[in-house]
Number of protein chains: 2
Amino acid sequence: MSPESAVENEPDGLPSMRRSNRLRLLQAVRRSGPISRAGLAKATRLSPPTVSSLVEDLLHEVGLMSEVGIGESSGGRPPVLLQFNREFGYLVGVDVGSRTLRVALTDLQGQVLARQQVPTDPAGGEILVDQMCTIAGELFTATGRDRGKLYAVGVGAPGMTDVKSGRVIRAVNLPGWVDLPLRDLLEARLGAPVRVDNDANMAALGERWRGSARQVKDFVFLALGAGVGAGVVVGGQLHRGHHWYAGEISHMNLDVREWRSDFGGRGYLESHVGAVAIAEGERARSIVGPAGAGQERGAAVATIIAAARSGDARALAVLDELAVYLGTAVANLVAVLDPALIVFGGGVSHAGDLLIERVRRVVSRIVPNLPRFEISTLGDDAQLLGAVSSAMDIAESRLATWLGAASFPRRAVGRTGTR
Amino acid sequence: MSPESAVENEPDGLPSMRRSNRLRLLQAVRRSGPISRAGLAKATRLSPPTVSSLVEDLLHEVGLMSEVGIGESSGGRPPVLLQFNREFGYLVGVDVGSRTLRVALTDLQGQVLARQQVPTDPAGGEILVDQMCTIAGELFTATGRDRGKLYAVGVGAPGMTDVKSGRVIRAVNLPGWVDLPLRDLLEARLGAPVRVDNDANMAALGERWRGSARQVKDFVFLALGAGVGAGVVVGGQLHRGHHWYAGEISHMNLDVREWRSDFGGRGYLESHVGAVAIAEGERARSIVGPAGAGQERGAAVATIIAAARSGDARALAVLDELAVYLGTAVANLVAVLDPALIVFGGGVSHAGDLLIERVRRVVSRIVPNLPRFEISTLGDDAQLLGAVSSAMDIAESRLATWLGAASFPRRAVGRTGTR
DNA sequence: CTGACTTCGTTCAATCAATTAACAAAGTGA
DNA sequence: TCACTTTGTTAATTGATTGAACGAAGTCAG
């Protein structure tokens with residue numbers, strides 16, 4: 001009964017018109033929640049008998065729909081409500097943070113059934129792969145679901161990833177991850193298609209799905225954590241770039257006079273906006289104490305933000321300084337992309353309006369086309385939910401190809417000659 | 001027999017499967033040049049009788065195909081070759097330069113039938129609209145084509161345009177164009193759908209179609225003329241941005257220390273890379289003579305480039321300076337988008353390798369993900385051909401909706417009740 | 001130059017899915 | 001209780017695609 005086997009069972013022979021209409025019905029059901037056959041007929045502009053017949057397939061032969069009960073009558077025979085069978089399969093989303101590993105088990109609609117988080121094993125490498133698989137297994141057991149029905153997996157990893165080959169090229173703070181074929185390892189162990197992407201991209205997907213960026217076609221998610229990264233969404237689609245480097249804005253140079261000093265010099269965004277840079281600035285030290293005392297830069301940043309919130313002039317000055325660099329970088333990004341929205345995430349984003357106002361002031365002096373600015377509404381869950389969202393994307397296309405999105409009547413392969 | 005009337009004549013009653021397959025055939029014919037019915041059957045995976053029947057429609061009823069002759073036998077009955085009827089309708093592309101107005105008349109495949117160029121009337125405004133329409137009319141007459149068969153028009157205008165409403169918000173060097181509803185004016189006079197877009201975007205489309213960017217999904221066209229503009233192509237599609245400001249990189253700030261000085265200060269790209277800025281730099285003056293002597297900045301730039309090509313140290317120094325700013329801007333753009341290719345166009349691009357090498361050197365010090373760099377292969381024709389290309393896009397979708405790309409069986413509207 | 005073989009395209013009957021029309025089912029409301 | 005609505009199914013019709021057979025128009029070998 002696993003989806004895998006169902007794929008095999010489905011005869012390829014069905015002419016495509018029917019398959020395509022089946023898919024249309026399924027999508028209508030997913031969009032329009034519980035809905036009657038009559039409602040589906042209106043929504044898809046198919047005739048009632050056709051809908052009945054296709055629903056029959058979807059209900060009993062395929063198993064992707066279920067009858068969910070009787071609806072209110074509106075003056076006639078009450079409708080039989082149909083629903084997408086969300087438990088036809090399950091999704092797993094994984095967020096590999098440099099400190100925390102989060103795993104969620106959801107149904108096909110992305111509804112979270114269970115989740116768990118543990119400290120990331122700093123050794124990285126295959127140990128982490130073990131950790132993920134174990135936790136995923138535990139979540140299946142805990143919720144009493146069949147792990148054979150795992151349908152797709154999304155993984156957000158810190159650092160640089162090659163989405164096509166599913167490799168992690170290098171991971172921030174996880175020395176054990178260098179050119180790790182994460183996707184292949186996971187697919188082998190979990191028996192389901194896996195997509196690996198970097199954390200900023202995943203966070204962007206999360207915000208697009210259930211965060212600040214719903215309905216927004218063009219936006220950028222700014223991950224302001226240990227480093228600075230961006231997830232770029234253009235035309236509703238994540239844009240990853242030719243070398244998977246899109247959004248690596250930490251390399252931006254904001255001082256032509258310093259461009260000769262190679263990566264990481266004073267002219268570069270990274271030197272002014274990363275948590276490291278913030279925590280180790282002069283003013284910052286005067287707030288959080290001498291360098292080296294605070295092992296955790298994230299904590300130092302949090303302290304500075306707290307001070308700023310309570311009106312500490314030195315802390316506000318740190319934000320001012322930060323905003324000049326960040327704002328200029330954002331302005332340059334806006335000059336290139338003209339997005340409708342920029343979402344701030346990561347530790348620095350907890351400064352909230354203190355940050356947004358300062359950045360907006362800078363940006364508005366540089367470019368005329370101001371985007372909307374918002375703080376991530378998902379916070380630390382953005383990456384995890386983004387991973388789930390990307391698993392949903394895989395599931396979507398798997399369902400589509402399976403049910404026959406494939407255009408049109410395909411003749412039986414290997415057509416025999418005339419003789 | 002104009003396409004317009006044909007659209008009306010086509011009964012909407014054809015069930016969609018047939019319409020959709022007709023479209024598939026048409027596209028296969030356009031892709032695969034002259035091809036037999038048997039070839040089409042293989043290419044589209046439709047059965048021979050179906051192909052015959054649909055081709056019959058397309059040939060005689062619709063008129064979008066024509067038989068073009070008999071092909072070589074490959075050991076059996078020789079094939080009857082079919083072709084897309086490129087003269088089913090015509091396209092017009094217009095490039096409104098600040099100095100030259102170019103107009104081309106092409107067939108539906110974008111093959112240029114005739115073209116003409118005249119000096120742009122600096123008065124701008126509706127006078128220019130007249131000019132365009134007149135020239136277009138002349139081209140129809142000169143080639144003996146029926147102007148009633150005009151199928152789509154693309155117009156590239158300098159400056160800022162709102163593609164959705166078809167308005168020119170403001171045009172560089174054309175004071176008469178301020179918030180001009182160019183699309184509506186032209187559609188009223190020409191009787192065909194019109195798309196208006198800015199010159200950098202059109203040039204990008206041109207390079208995508210028949211220039212350096214063929215087959216490239218993610219690239220940026222840099223228009224280095226009087227100002228600096230970019231046409232941004234992401235995922236094969238032009239990206240225009242939320243306020244139609246995408247690619248307005250002249251606003252980029254490359255010197256945080258100068259960000260307070262508002263638009264146009266020393267920190268901004270525009271102040272260093274535009275033809276004005278180049279021609280009026282100190283070193284530049286020492287080559288081309290005192291300021292004000294050369295009315296034409298474009299000519300001054302050309303002089304400098306010529307000098308550089310012949311090894312003039314001062315001219316090369318101008319390029320060096322330019323490359324630092326341009327390279328930094330490009331690097332920032334690359335940090336955001338990671339394109340596969342950057343195409344240089346406009347007057348400054350005539351510096352060729354002298355420019356590319358210098359820019360590449362700067363970019364390679366700032367970001368690790370170097371794109372390919374190329375000089376526009378279309379030169380001054382990029383915008384014009386881009387305008388044609390965008391007209392083709394319109395034509396494509398017009399044909400598609402007309403032939404019924406619209407997904408699936410649509411019930412007769414206003415379905416009468418059960419009674 | 002004839003006959004076997006290919007390839008191209010069409011004719012014809014069969015198939016399959018969607019539609020219309022009619023009807024059964026299951027309610028509301030006067 | 002009866003007229004009316006809305007939902008869903010059954011039955012007959014329509015329309016498009018297909019497979020098989022066949023005619024058309026060539027090549028190629030002996």
Side-chain angles (χ1 to χ4, degrees), chain A residues 11 13-25 34-59 67 69-82 404 407-419, chain B residues 11-25 34-59 65 67 69-82 404 407-419:
Chain A
L14 269 180
S16 262
M17 188 131 166
R18 196 163 173 82
R19 311 185 82 184
S20 175
N21 281 338
R22 264 193 339 197
L23 184 62
R24 258 175 34 144
L25 275 183
I35 186 174
S36 67
R37 289 170 172 80
L40 282 174
K42 261 177 212 116
T44 60
R45 313 192 64 172
L46 293 163
S47 66
T50 304
V51 171
S52 273
S53 158
L54 291 171
V55 163
E56 181 58 27
D57 279 13
L58 251 28
L59 219 49
E67 293 189 335
I70 308 290
E72 283 291 296
S73 161
S74 61
R77 171 173 171 176
V80 178
L81 296 181
L82 300 163
S407 48
F408 267 161
R410 205 174 299 164
R411 288 159 61 199
V413 272
R415 162 173 147 81
T416 50
T418 311
R419 80 155 19 259
Chain B
D12 191 67
L14 269 179
S16 260
M17 189 133 169
R18 194 162 175 83
R19 310 186 84 186
S20 174
N21 280 339
R22 262 191 344 193
L23 184 62
R24 259 175 33 143
L25 275 184
I35 187 174
S36 68
R37 288 170 172 80
L40 282 174
K42 260 178 211 114
T44 60
R45 312 192 66 172
L46 293 164
S47 67
T50 304
V51 171
S52 274
S53 157
L54 291 171
V55 163
E56 182 57 26
D57 279 12
L58 251 29
L59 220 47
M65 260 191 207
E67 293 190 336
I70 308 292
E72 283 290 295
S73 161
S74 62
R77 170 175 172 175
V80 178
L81 296 182
L82 300 162
S407 48
F408 266 155
R410 204 173 300 162
R411 286 160 62 200
V413 272
R415 164 176 147 77
T416 50
T418 312
R419 83 161 18 258

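Chain letters run A, B, ... following the sequence lines, proteins first, then strands; residues in each count from 1.
Nucleotide dT27(D) holds its P atom 12 Å from the CD1 atom of Ile70(B), rounded to whole Å. Across the protein-nucleic acid pair, Leu54(A) atom CG and dT9(D) atom P stand 12 Å apart, rounded to whole Å. Regarding Leu82(A), its CG atom lies at a distance of 12 Å from the C1' atom of dT7(D), rounded to whole Å. Atom CZ in Arg19(B) sits about 16 Å away from atom C1' in dA18(C), given to the nearest Å. Rounded to whole Å, atom C1' of dA18(C) lies 17 Å from atom CD of Glu56(A). As rounded to whole Å, 9 Å separates atom P of dT17(D) from atom CE of Met17(A). Remark: C1' of dG19(D) and CZ of Arg45(B) are 16 Å apart, rounded to the nearest angstrom. Taking atom CD1 on Ile35(A) and atom C1' on dT7(D), their separation rounds to 13 Å, with Å as the unit.
Within the 4.0 Å cut-off from OP1 or OP2 of dA16(D), not a single side-chain nitrogen or oxygen of Asn21(B) is found. Applying the 4.0 Å criterion to OP1 and OP2 of dT17(D), one finds that Arg18(B) has a side-chain N or O inside that range. Note on Ser53(B): every side-chain N or O is 4.0 Å or more away from OP1 and OP2 of dT17(D). The shortest distance between the side-chain N/O atoms of Arg37(B) and the OP1/OP2 oxygens of dT7(C) is not below 4.0 Å.
Side-chain proximity of Ser36(A) to the nucleotides dT18(D), dG8(D), dT19(C) is greatest for dG8(D). When each of dT19(C), dG9(C), dG8(D) is scored by its nearest atom to the side-chain atoms of Leu46(A), the top-ranked nucleotide is dT19(C).
The nearest pair of heavy atoms linking Ala41(B) to Val51(B) is CA-CG2, 3.7 Å. Smallest separation of non-hydrogen atoms from Leu82(A) and Leu40(A): CD1-CD1, 3.9 Å.
Across all strands shown, Thr50(B) has heavy atoms under 4.0 Å from base atoms, whether or not it also approaches the sugar-phosphate. Among the atoms of the strands shown, none is found under 4.0 Å from any heavy atom of Val51(A).
Listed by chain and number, the residues in a side-chain hydrogen bond (donor to acceptor under 3.5 Å, both in side chains) with Arg37(A) are Glu67(A) (sequence neighbours excluded). Considering only residues two or more places apart in sequence or on other chains, Pro78(B) meets the side chain to side chain contact (heavy atoms under 4.5 Å, CB included) condition with Ile70(B), Ser73(B). Not a single side-chain hydrogen bond (donor to acceptor under 3.5 Å, both in side chains) links Ser36(A) to another residue, sequence neighbours left out.
Side chains of Arg18(B) and Asp57(B) form a contact here, defined as non-hydrogen atoms less than 4.5 Å apart.
Looking at Thr50(A) and Ser53(A), their side chains never bring a donor and an acceptor atom within 3.5 Å of each other.
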Query raised in the report: Can Leu54(A) and Arg24(A) be said to form a side chain to side chain contact (heavy atoms under 4.5 Å, CB included), step by step?
Result: CA-CA 10 Å; Leu54(A) 291 171; Arg24(A) 258 175 34 144; over 6 Å; no
Review point. Taking it one step at a time, do Leu58(A) and Leu25(A) satisfy side chain to side chain contact (heavy atoms under 4.5 Å, CB included)?
Key: CA-CA 9 Å; Leu58(A) 251 28; Leu25(A) 275 183; 4.2 Å; yes
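Of the inter-residue distances, the one linking Leu23(B) atom CG with Arg19(B) atom CZ reads 10.0 Å to the nearest 0.5 angstrom.
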Got a list of protein N/O to nucleotides 24-26 of chain D N/O distances below 3.5 Å?
from: dA25(D); atom 1: N3; to: Arg77(B); atom 2: N; distance (Å): 3.2
from: dG26(D); atom 1: N2; to: Gly75(B); atom 2: O; distance (Å): 3.0

Can you give me the N/O atom pairs linking the protein to nucleotides 11-15 of chain C at distances under 3.5 Å, or say none if there are none?
none

